[in-house]
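Worksheet: the structure to be examined is printed underneath.
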Amino acid sequence: MNIGIVLYPTYGGSGVVATELGKGLASRGHNVHFISYARPMRLDEFHENISFHEVTFSAYPLFEYPPYDLALASHLVDIIKHQKLDMLHVHYAIPHATSAYLAKQILGENNCRIPVVTTLHGTDITIVGSDPSYTPVVTFSINKSDGVTAVSNYLRDETYKRFDIVKDIEVIPNFIDLDRFQKSEKSHFKKALCPNGEKVLVHVSNFREVKRVSDTVEIFNKVLESGIRAHLLLVGDGPDRPKVETKCRELGICNKVRFLGKQEKIEDILSIADLFLIPSGSETFGLAALEAMSCSVPVISSNIGGLPELNIHGETGYLCDLGDTDAMGEYAVSILQDDELQKKIANNARKRAEVFELNIVVDQYVALYNRLLEQ
Ligand code: GMT
């Protein structure tokens, strides 16, 4: 199959899922064309079946906001036609599904029978999509897609609740490469960071408000207050970072918190982690938690969105009410002071991650593509 994948290239769950899906498809012999305004972060190696098409667009003085969605539609017309795409899979409803629809219209029914699959990731529905000014476009673009998937039952239900959707939405979850994301021997790294055997807590995000990184710092502070010696590694960067740095200064714990910034080899950091914290205010799936679980790291999360479909309370970690940093802190302490419990939960977390193994989920997408091509 010749498959076009439209995605956001930056750090963030939807881009990671789209890139890893494309790589998985390419390794099965499909030709994959990634389409975006910049090279996707995780597209870091040459593969004979993978091409990248950069969507370029010019800035004119008249365009205060250059129309990316139109530039994308024009590129799609060209790529569908000349690369002879069989399938177009867009990640994120706006503007990707909208541009795909426009491209199909431009090519016309007779020239273009390519099915379009739209995968909903979350912020397109729960945050961006619920801005009423986008509602008609999101609704229209989803309904005009040939196949629609959502990354959790929660997201599927939310989409039906918030928009007037007439299409079936299939749930296909996030997935994980179990070979890449597994605990590996990094004792030298752990020793360098924690010379006195301190525990390591990790948080990975894009530091947007929705990630509640300040809650992470509060939970960590409660761990320190219990007397447990520990370090917090904060991975990623984004708008809330200055606020979080201020919080660490106010609590006087800067020497225990490391801001590592954006990192490629997350699995190396997770390999030395004792606990993963994800107290998000909204999370349609929680890919960062799945990566941690795959590296045998217990997870403490909020009980919102799709997180309860991944993290099982008392088994792979603990779930608490949104913002209840006291309860999250208590659960963190209970795990960190009991080696046996930590080990048990760590093993369960890895077993749970196996349910979301890459090939199992890529099979689901391929089955959807084949169904649409047969129609
Ligand atoms: O988490 C983010 O802010 C990035 C965002 C995105 O759209 O790139 O991630 C969303 O999609 C991921 C992949 O499907 C999910 O694992 C994340 O839970 C989801 N983030 C939110 O819902 C906040």
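Position 1 is the first residue of the sequence, and the numbers go up from there. Basis for what follows: all heavy atoms, side chains included, without hydrogens, waters or symmetry-related copies. Both ligands and their constituent atoms are indexed starting at 1 by order of listing.
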Identify which of Val151, Asn174, Leu290 has a heavy atom lying nearest to atom 16 (O) of ligand 1.
Asn174

With only distance considered, is [X] within less than 3.5 Å of ligand 1 through an N or O on each side?
| X | answer |
| --- | --- |
| Gly13 | yes |
| Val210 | no |
| Phe285 | yes |

Report the part of Asn206 (side chain from C-beta onward, or backbone N, CA, C, O) that has a heavy atom under 4.0 Å from ligand 1; answer both or neither where that applies.
side chain

Could you tell me which atoms of ligand 1, counted from 1 in the order shown, lie closer than 4.0 angstrom to a heavy atom of [X]?
| X | answer |
| --- | --- |
| Tyr92 | 7 (O) |
| Gly286 | 15 (C), 16 (O), 17 (C), 18 (O) |
| Leu287 | 16 (O) |

In this structure, is the centre-to-centre distance between the rings of [Y] and [X] below 6.0 Å?
| X | Y | result |
| --- | --- | --- |
| Tyr8 | His96 | yes |
| His89 | Tyr365 | yes |
| Phe181 | Phe356 | no |
| His313 | Tyr331 | yes |

For Glu283, what residues pass the side-chain hydrogen bond (donor to acceptor under 3.5 Å, both in side chains) criterion, not counting sequence neighbours?
Lys211, Ser280

With sequence neighbours excluded, residues passing ring-ring contact (aromatic ring centres under 6.0 Å, His included) with Tyr101:
Phe140

